[in-house]
Number of protein chains: 12
Amino acid sequence: MPKIHGPLDDNARKITGERLQSALVDLIDLSLVAKQAHWNVIGSNFRSVHLQLDQLVSAVRDHMDTLAERAVTIGTTPDGRSTTVASETRIPQPDPGYLRDDKVIATITDALSGVVERFRGHTQATAEPDPVTQDLLISAAQDLEQQHWMFEAMR
Amino acid sequence: MPKIHGPLDDNARKITGERLQSALVDLIDLSLVAKQAHWNVIGSNFRSVHLQLDQLVSAVRDHMDTLAERAVTIGTTPDGRSTTVASETRIPQPDPGYLRDDKVIATITDALSGVVERFRGHTQATAEPDPVTQDLLISAAQDLEQQHWMFEAMR
Amino acid sequence: MPKIHGPLDDNARKITGERLQSALVDLIDLSLVAKQAHWNVIGSNFRSVHLQLDQLVSAVRDHMDTLAERAVTIGTTPDGRSTTVASETRIPQPDPGYLRDDKVIATITDALSGVVERFRGHTQATAEPDPVTQDLLISAAQDLEQQHWMFEAMR
Amino acid sequence: MPKIHGPLDDNARKITGERLQSALVDLIDLSLVAKQAHWNVIGSNFRSVHLQLDQLVSAVRDHMDTLAERAVTIGTTPDGRSTTVASETRIPQPDPGYLRDDKVIATITDALSGVVERFRGHTQATAEPDPVTQDLLISAAQDLEQQHWMFEAMR
Amino acid sequence: MPKIHGPLDDNARKITGERLQSALVDLIDLSLVAKQAHWNVIGSNFRSVHLQLDQLVSAVRDHMDTLAERAVTIGTTPDGRSTTVASETRIPQPDPGYLRDDKVIATITDALSGVVERFRGHTQATAEPDPVTQDLLISAAQDLEQQHWMFEAMR
Amino acid sequence: MPKIHGPLDDNARKITGERLQSALVDLIDLSLVAKQAHWNVIGSNFRSVHLQLDQLVSAVRDHMDTLAERAVTIGTTPDGRSTTVASETRIPQPDPGYLRDDKVIATITDALSGVVERFRGHTQATAEPDPVTQDLLISAAQDLEQQHWMFEAMR
Amino acid sequence: MPKIHGPLDDNARKITGERLQSALVDLIDLSLVAKQAHWNVIGSNFRSVHLQLDQLVSAVRDHMDTLAERAVTIGTTPDGRSTTVASETRIPQPDPGYLRDDKVIATITDALSGVVERFRGHTQATAEPDPVTQDLLISAAQDLEQQHWMFEAMR
Amino acid sequence: MPKIHGPLDDNARKITGERLQSALVDLIDLSLVAKQAHWNVIGSNFRSVHLQLDQLVSAVRDHMDTLAERAVTIGTTPDGRSTTVASETRIPQPDPGYLRDDKVIATITDALSGVVERFRGHTQATAEPDPVTQDLLISAAQDLEQQHWMFEAMR
Amino acid sequence: MPKIHGPLDDNARKITGERLQSALVDLIDLSLVAKQAHWNVIGSNFRSVHLQLDQLVSAVRDHMDTLAERAVTIGTTPDGRSTTVASETRIPQPDPGYLRDDKVIATITDALSGVVERFRGHTQATAEPDPVTQDLLISAAQDLEQQHWMFEAMR
Amino acid sequence: MPKIHGPLDDNARKITGERLQSALVDLIDLSLVAKQAHWNVIGSNFRSVHLQLDQLVSAVRDHMDTLAERAVTIGTTPDGRSTTVASETRIPQPDPGYLRDDKVIATITDALSGVVERFRGHTQATAEPDPVTQDLLISAAQDLEQQHWMFEAMR
Amino acid sequence: MPKIHGPLDDNARKITGERLQSALVDLIDLSLVAKQAHWNVIGSNFRSVHLQLDQLVSAVRDHMDTLAERAVTIGTTPDGRSTTVASETRIPQPDPGYLRDDKVIATITDALSGVVERFRGHTQATAEPDPVTQDLLISAAQDLEQQHWMFEAMR
Amino acid sequence: MPKIHGPLDDNARKITGERLQSALVDLIDLSLVAKQAHWNVIGSNFRSVHLQLDQLVSAVRDHMDTLAERAVTIGTTPDGRSTTVASETRIPQPDPGYLRDDKVIATITDALSGVVERFRGHTQATAEPDPVTQDLLISAAQDLEQQHWMFEAMR
């Protein structure tokens, strides 16, 4: 099987690849949870929440693609299949059915809290082995933390 | 719990809602499988396959959102959470790791064959209970079948 | 007086023309009612309702024009004059003066309920005499039903 | 009932509000008459008249919205409902059915003559009580008078 | 020889493929006839007819491509070669040389009448074997019938 | 020191220049106050208020630049330095720290009330000495008064 | 000879028409003088002056067209033929051949001074007979005076 | 006086410069004549002629600027002042006042005939001394001859 | 029958008209052959060939329209009807049915070789009678030869 | 009073918040100083300096907004009110009145020197407590230092 | 080794290929010299020269690509490697380090003089062997000579 | 000789300037090598490789400009002249003449390997002396490494 020869040594590639894989699972599931809420939200704040969630999805999908391509670039292979995401995600899942707007805001704020905290860890862990990956993680963290503020501010 | 009062009677809503939910699971997982291949593909046809897969993802995401919003519109609640997708998907899953370009073409052609066949069923089943949903399913089927031709033509 | 020779026989043209005329009156008056609310709405949800109404007006005006041109295309003459609209409309009218945001949401949801129901009838009635017109009505129904969900979700 | 506190005193608001309401009725009905002609026009000049009418509708709808929002801004409530328009309009109505192109040109020229004359009156009447409203009316008058020239030049 | 495996059974593919091939010949020749008129038209209505013909060509070319790709998608092979078009077209051909504007309008109206009638047949014939193809044919028919009205209205 | 020779005599320039300077201070400080609220707002209406404030800032910055350039054009020199703005502003200042959404709406409505009233004065005062400046002030007043309505409507 | 029936009485039309004709001659010749300088300018400030002149030409051409169309709108016939412009212009003409950048700046500043002064007169003269024309003249004056400042500031 | 050192020898520059100057006078006056007709045209073909003339003006202005800049580039100084244009133009001038649409078509066709013939001469004369200028003249000739066809076709 | 009076004498018009007619037949048939291949191509290089063919069609259609309009401009009447194209084309025709990608590349390279050679002849033949037409043919030749390189490079 | 829970501990938030507040004051005042110069600059280099200053303002406003929103995101509340800016700014203030172009260049270069130096400090101070904020500060520093070069290069 | 079969005979290809190779070296090195000056220029005219150089680079890069692709199209292989450019360039090289603006203008004017003169030779030499290449060279010459004027005019 | 006063001390400026100069030589030569391959590539993968190379060139040119301007910003003077590039480049050079597609992929992959490795060194070396430069180098490294993956994946 051919293999991409990224710019990192084996140890750095291993550490960085694991962090990217973890981040990828978070972002894919976050996009699914946000879409779930985007579709099922009800309440007087429907329109604001519905639109804000689509901005979140759009940002998350961009970072998801960038980080997965970074994983291949350094010589690892990202895994974003549904079974992987379902079994590895650490994002608390919303109930099925309608979701009241205030419930959505609380759910997404909590989901983002966890993701933000894990990205902080990824950022620190990749600083030494791969500053390029770290820079991409910082950029994703910036958007995720900004979204966290916006949802929290709506409470 | 409040509830959206869509334009259908109970029976029509039930039939249509089940078809939309089934279609939604197919499209979400198809987007994840296509992204997985988009990232991990290798081989001399890398660029063509990599780009064609992103066109597929883009079309699939648009239809996914339209159909899920249709589900809420008729008074049901779509479920696109990762655990639901992982447990209900009928799309054969690619192996982890690198995927040779010809393997990707075969995998996606097969995945599309199954989805196309199921959408044929959805189209027939919704003709009577909800022609509006049927029209959206036909529009999705058209894109999915066109993508099926393009991947099959690459073999 | 010259006359456009559309693709339908006399009976099909008569049935289809009457349905298109009925739909046209609904859409013109819906656009006027929505603008009335767009201008006079007050309340803490002002901005969301004000903007959502303009999206509704924009969609309604597009379908209005398409359906009226379809009427000429099949050889009938649409009537969208204010006196015709005022005397034939079945949309309940808002009171003059300021309209509280929750009142607007209820009023528009009700107006859309009626229009959606009548479009269901048009869709069935034109299936046999003119599938092209039916397709346009289905497309309009899709947008109208989606708007109905969005306003209902805000309640 | 809450109330918008515009920048005018009671007398100025009353005069300006009445002028804006009168202008609004003219513009809404003008847009409906122009659309009616846009759809039903026939004759060798069909294309030019059909397109020119849509430019007229587009300009009229922009001014209609601006003036209605001005009415709310100064603390009055515009009334653009179909029954109000139908009963208060002073624009001569076209016959139903096909309209020959030269007939359309004459009809629209006459309609515009009346509207232009009434806007002259509005412009003078609002100069003192509200120069901001006057400025919007002048801007609308400029487009209406330009359209009047263009239709008259086609005769 | 490899072969595309479309979603239809043999009988449905045969019926649908023949209809698409017939539609393709009509649209290719219609685009050539309309261009012929676009270039050779003279008369006081030159500009309107010249421009309207280019709108027709643009719409026809889009549908031509969509229908031909649909033919491959279902597993047939469209034939749009000049000899095929020349021998199979049923569109009456204009004389060579200059074409007066009123002659062009009559010629194109007649050409569209025939095409519209044949598309009605295609739409009915494909309803059962392939609703996806039918939907594309209805969409083409809508544009062709609208163009027919516009040219007829110019007479 | 060279000097721009504007189109006004000394007295007209003096009156107009003072009005423009006063308007400039109002607009610069209004943009700073609106940004302050844009950043620090919290509450369930966060998204609507946050976005509406940015529309306000955008409109205010455009008028600010136009009026300051008008001041140079007539031969005076606008002063928009922070110390000037801080000492001359008549806009009531928000407290530091978080601002609840309803508080923001009240604060901005009040700020706009004052600015609108002062612009009314500027409009009257410049009518005779410089109708060009007056026209720019009327245009700014129109946007400011429209924003005032929108914030007041949210209460 | 047919005639456009503008909204003004005979006296108002005569006064306004003469002012518009005078403004038209000024603007056409100003555009020719500015182009002449745009082409023949030399000197270390070449680029700035060359580009600034094209901004001037662009603004002048827009106002020229607007004012000429206003003239037809009110029922007079603008005269912008080269012999009329050459014999009636009051703008001092540049010498043929190369023009040093500082010479261009002085020439255009002087040309603009004269035009600005005459537009002041037009603005006052049309206030009573036609406020719509006055509004267009004020808008042109604003751009002309702004350009005057910019060229003067370069000295 | 400094001087631009173009790529031509003295004789080539002299010949080319004279041709460019002649072409420039033609194009400036053609743009003025076309604008004069654009404003004063009346008749049933008003809209088509009015719009076609603006396309002509737009094309002519582009070539005018290109050719004048070419003149400076080769070291001559173009003269586009109104007195030069008025005294040197060979384009027959329209009468003042309204111009019937058929009269406009004849006038512009004649004007274009003359310009086209002179550009043929310029093209031949510059082939040897400056192929770059010839290429620009050919490009201008193509547009002018195309416009000539379009106006002649309207007769 | 009226006639367009182009800028050429009888002999030049005859020579140029024949060359343009020959070029027109080539380009129309080339666009049909390329579309035929665009639809029926299969093979691992499907995507590259499919897309490259659409770029070819797009370029060919643009030149086709330009050259046909040039033919009318010089006073001849282009003939692009299907029977004319089918009987006069010199482009070798592809077989019906699927076309393997390497077969398509060879077919299109050969078709382009012939067209390029004939355009060389047209370019030489029109140099003297009509340099404007020659310039358009050179521009078309440049694109056709570039496409020839690209298809040949794929072999 | 509710509070945004940013991703930092108390100490990190305190350090980062103070740096962001300091940066905010610098950027707001820099935008005001640059606008002041943009309006009042005179001299032969007027156009270059006037335009360059607007590029500076545009870049500064973007960073200002990003940094202020970062401050809220981490749980502090930015203070950008005019009194705060006026009392805390360390940017040397230009004199009122006209500013010669060379004076402007010197003033802005000096202002940028100070800001750049302080941003260096902020960058170092935030590296450890908040790498996300540091990344935003580095991005702002890059633009500020680039502007510093451009103004210094003009000296 | 396969080979592209361009449209020229051996002699014509040899002559044309040599001219294109020579032109390519000139354009690549001109782009490098212009970028060198773009980065290192200082002086009061910094902004104008800095921006004008980027316009030059942009135009040069476009022509460079067009001419190199033309070389492959005719069956030769362009050589644009750095060693080839460095050893074959005839453009005088600027000194390293800062370049005063007047020095840059002189350097670029001289560089352009040489390039323009050599392109004149290329244009003449390719007229007979390949008019298509000649047309591309004339188009490049036009832009290069225009840039030469603009830099010379700045002296 | 004046000098830009960047934000670094002498030692930091020296280290950073040397790294930027080295990076600049790499990027300029990489753009030339990629263009050389873009023009001379042949083989069945021609289109994919040809297009991918232009994406590489576009990304490389952007970073080249950014890094060179950074060099001036910190007070050094970048040297991008052809002789400097040719003598200092460490990128292995392709042979002249045609380049088979697999050869191109190998050549570019190798060239990118070297550049990527050297940029890793630059990134580490500039971390302490200039984090702003480091950030720009990381951003360039990200694109270069991504391109490396894409070319390697095509093998």
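A, B, ... follow the sequence lines: proteins, then strands. Residue 1 opens every chain. Not measured: the values here are computed from a predicted model.
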Quick one: are [X] and [Y] in side-chain contact, heavy atoms under 4.5 Å?
X        : Y         : value
Val60(F) : Leu144(F) : yes
Val33(G) : Pro94(G)  : yes
Val49(F) : Leu53(F)  : yes

| What distance do Leu8(F) atom CG and Ile15(F) atom CD1 have between them, rounded to the nearest 0.5 Å? | 10.0 Å
| Could you give the distance from CZ (Phe119(G)) to CG (Leu27(G)), rounded to the nearest 0.5 Å? | 4.0 Å
Donor-acceptor pairs under 3.5 Å, chain F versus chain G:
from	atom 1	to	atom 2	distance (Å)
His5(F)	N	Glu152(G)	OE1	2.7
His5(F)	N	Glu152(G)	OE2	3.3
His5(F)	ND1	Glu152(G)	OE2	2.4
Glu69(F)	OE1	Gln146(G)	NE2	2.9
Arg70(F)	NH1	Glu145(G)	OE1	2.8
Arg70(F)	NH2	Glu145(G)	OE1	2.6
Asp130(F)	OD1	Arg120(G)	NH1	3.3
Asp130(F)	OD1	Arg120(G)	NH2	2.8

| field | Which portion of Ile138(F) sits near chain G, non-hydrogen atoms under 4.5 angstrom | value | neither
| task | Please look at Ile74(F) and chain G and tell me whether the side chain, the backbone, both or neither of the residue comes under 4.5 angstrom of a heavy atom of that chain. | result | neither
| message | Can you give me the closest heavy-atom contact between Ile108(G) and Ala34(G), atom names plus distance? | response | CD1-CA, 4.3 Å
| Intermediate values then yes/no, side-chain contact (heavy atoms from CB on, under 4.5 Å), Val57(F) and Leu30(F) | CA-CA 8 Å; Val57(F) 169; Leu30(F) 183 57; over 6 Å; no
